[in-house]
Amino acid sequence: MGPDALPLGACGGAAAAAALLLWAVCVLCRRKRKTGEPPLINGWIPYLGKALIFRKDAYKFLLDQQKKLGDIFTVHIAGRYITFIMDPFQYVYVIRNSKQLEFHEFANKMASKTFDYPALSKAKFPDLKENLHRIYQYLQGKPLDIISDHMMKNLQDIFEWKCSQATDWETEKMYKFCCSVMFEASFVTLYGRVPAADGHKVISEIRDKFIKFDASFPYLAANIPIELLGATKKVRKELIHHFLLQNMTKWLGGSKVVQARQDIFEKYELLGDYDKAAHHFAFLWASVGNTIPATFWAMYYLLRHPEALAAVRDEIDHLLQSTGQKRGPTYNIHLTREQLDNLVYLESALNESLRMCSSSMNIRISQEDFVLKLEGDQEVSLRKGDWIALYPQILHMDPEVYEDPKEYKFDRYIENGKKKTTFFKAGRKLKYFLMPFGSGISMCPGRFLAMNEMKMFLFLLLAHFDVELVESKAVRLDNSRMGLGILLPDVDIAFRYKLRSLKK
Ligand code: HEM
């Protein structure tokens, strides 16, 4: 033993003892359940609590806790106490209590950090949040028809270009394909065409950076400092720079919703040019971040299920025939809102894939200590600052609501040839049975556009092309963004497509 070994060993021992003491203090001081509060799961790791196991597989973790503790319980996760409401009949009591159970503060904090704009403080930016919310009207009603028509035209332009290249079988990776078509069509529809000769190239460059940023999104959402995420900070900065006013003014034929957002930002002197650009980038993420993987899953499941593909294609061909429209890339197809709405097989197939791939956690934050009244005479005490969460993936996969929930049944949302909107659990009708777009005050304002976009993509794909998988491997959900929206596939898969014969 050398002369220094003893003091070093003693030091190590002292450090271990101090760490043990600290841990014991943390464990002793941790939160204790009070009367009226739900069962509490603290975990043994200070600060993290159950974060690691939750992150590994939130769905399984929540189901296990539900079996042990019932439909309401609180879990300590990364410094927060989150009360999960597992019974879908209780969802409504959380959703309608929007005064005590707030959403925007949480969303604001997370989004401003992730997308690098200053938090929307009332003092600094009075009414900015309200003004931005008001213009979501451009994604509904008559304006929705206009923006959907633009999306259809832009999708057709891209498909026409693809058609010119696919006279024989063309093989591509499916996620890459969905990403390239949906990104470009959405970008041009919302922000406008980049008029330069290399306009497509500029959009492809933005898309490639977007994919890099998106890969880090779950870590940013989990509050991991961006400095620890390799090139993400640089990529985000570059992406935001694309949305500086001097670049955006060059883009032609953008949407009313983006124009209105620009007009609003101009009224706030304290918002710098970079901050405004960061807001535009955040909106881009919202508009394609979920739509791209959702489009992938809709296409993937259709191709995996020939009977589904045939039924949806039949419906599409029938609509084209009955409206006297011709198939073929050079013909302009127009679909009214009513026609899109009446594609019940397409909509059901899309809903079914959304049921299987969506995993968004609906979060609210308790504004005060208060007692949440639930169905019957049930009550649950919540503390100020606690999070309350709904986790609809549990509902989507509940065998009492959906028979064989792991199976894709393309006509699950059809009854007697019409849309099916009544689903039951334990013999009772459910108010909420499919929630990929969130709920109540945090519901996605782009949901109608998103559904139209995905329907139009599938419509054009199946109208113009024969499409088939060329690999038989199963693609699974990648759980790394559980709780954050539509899950990505764990691998990409090859498929091939060829222009359909016009006689068929
Ligand atoms: C399949 C596609 C989509 C899915 C599954 C989806 C889902 C969601 C969900 C779950 C939220 C709420 C987030 C939360 O609770 O924290 C949300 C918010 C939002 N979505 Fe979507 N979305 C989709 C497409 C779109 C599209 C196409 C647009 C716009 C063109 C859009 C714009 C937004 C915006 C702006 C918000 C934030 C709303 C706010 O300010 O509170 N989304 N989306």
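Note that this is a predicted model, so its numbers are computed, not measured. Atoms within each ligand, like the ligands themselves, are counted from 1 in listed order.
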Review point. What are the atoms of ligand 1, with element, lying closer than 4.0 Å to any heavy atom of F283?
Key: 35 (C)
Exercise for review: Check whether any side-chain N or O of H305 sits under 3.5 Å from a backbone N or O of Y301 as a donor-acceptor pair, and report yes or no.
Suggested key: yes
Review point. Counting N and O atoms only, with roles assigned by atom type, does the side chain of D404 sit under 3.5 Å from a partner on the main chain of E407, one being a donor and the other an acceptor?
Key: no
Point to revise | Listed partners of F495 passing ring-ring contact (aromatic ring centres under 6.0 Å, His included), at least two apart | key: F177, Y497
Practice item. Assess whether ring pair (Phe, Tyr, Trp, His ring centres under 6.0 Å) is satisfied between Y402 and F423, documenting all intermediate values. Key: CA-CA 8 Å; Y402 294 107; F423 287 83; 5.2 Å; yes
Review point. Any donor and acceptor pair, going by atom type alone, linking the side chain of D275 with main-chain N or O of P118 inside 3.5 Å?
Key: no
Exercise for review: Quick one: name the protein N/O/S atoms under 2.8 Å from atom 21 (Fe) of ligand 1, chain by chain.
Suggested key: C444 SG
Review point. For Y413, does its backbone N or O pair with a side-chain atom of E415 as donor and acceptor, under 3.5 Å?
Key: no
Exercise for review: Consider ligand 1: state whether an atom of it lies below 4.0 angstrom from any non-hydrogen atom of M110.
Suggested key: no
Review point. Applying salt bridge (Lys or Arg N to Asp or Glu O under 4.0 Å), which residue pairs with at least one partner in residues 340-350 are found, sequence neighbours left out?
Key: E347-K419, E347-K455
Review point. Of all the non-hydrogen atoms in the protein, which one sits nearest to atom 12 (C) of ligand 1, and at what distance?
Key: S442 O, 3.1 Å
Point to revise | Main-chain N/O of L190 paired to S255 side chain as donor or acceptor, under 3.5 Å | key: yes
Practice item. Would you mind listing which atoms of ligand 1 come within a distance below 4.0 Å of any non-hydrogen atom of M454? Key: 1 (C)
Exercise for review: Would you tell me whether S442 and R364 have side-chain atoms, one donor and one acceptor, within less than 3.5 Å of each other?
Suggested key: yes
Check your understanding: Which ligand 1 atoms are under 4.0 Å away from a heavy-atom of Y136?
Key -> 35 (C), 38 (C), 39 (C), 40 (O)
Review point. Hey, is P436 one of the residues with a heavy atom under 4.0 angstrom from ligand 1?
Key: yes
Practice item. Classify the contact between H133 and ligand 1 as side chain, backbone, both or neither, using a heavy-atom distance cut-off of under 4.0 Å. Key: side chain
Point to revise | Pair M361-L390, side-chain contact (heavy atoms from CB on, under 4.5 Å): steps then yes or no | key: CA-CA 6 Å; M361 179 153 83; L390 312 180; over 6 Å; no
**Study point:** For atom 16 (O) of ligand 1, closest protein heavy-atom neighbour
**Key:** F103 CE1, 3.4 Å
Revision key, fill the gap. A student checking ligand 1 against A294 at a 4.0 Å heavy-atom cut-off should list atoms 1 (C)
Compile the donor-acceptor pairs under 3.5 Å between side chains in residues 84-97 and protein atoms, sequence neighbours left out, one pair per line.
residue	atom	partner	partner atom	Å
D87	OD1	F89	N	2.9
Q90	OE1	E375	N	3.0
N97	ND2	Y93	O	3.1

**Study point:** Proximity flag I486 to ligand 1, non-hydrogen atoms under 4.0 Å
**Key:** yes
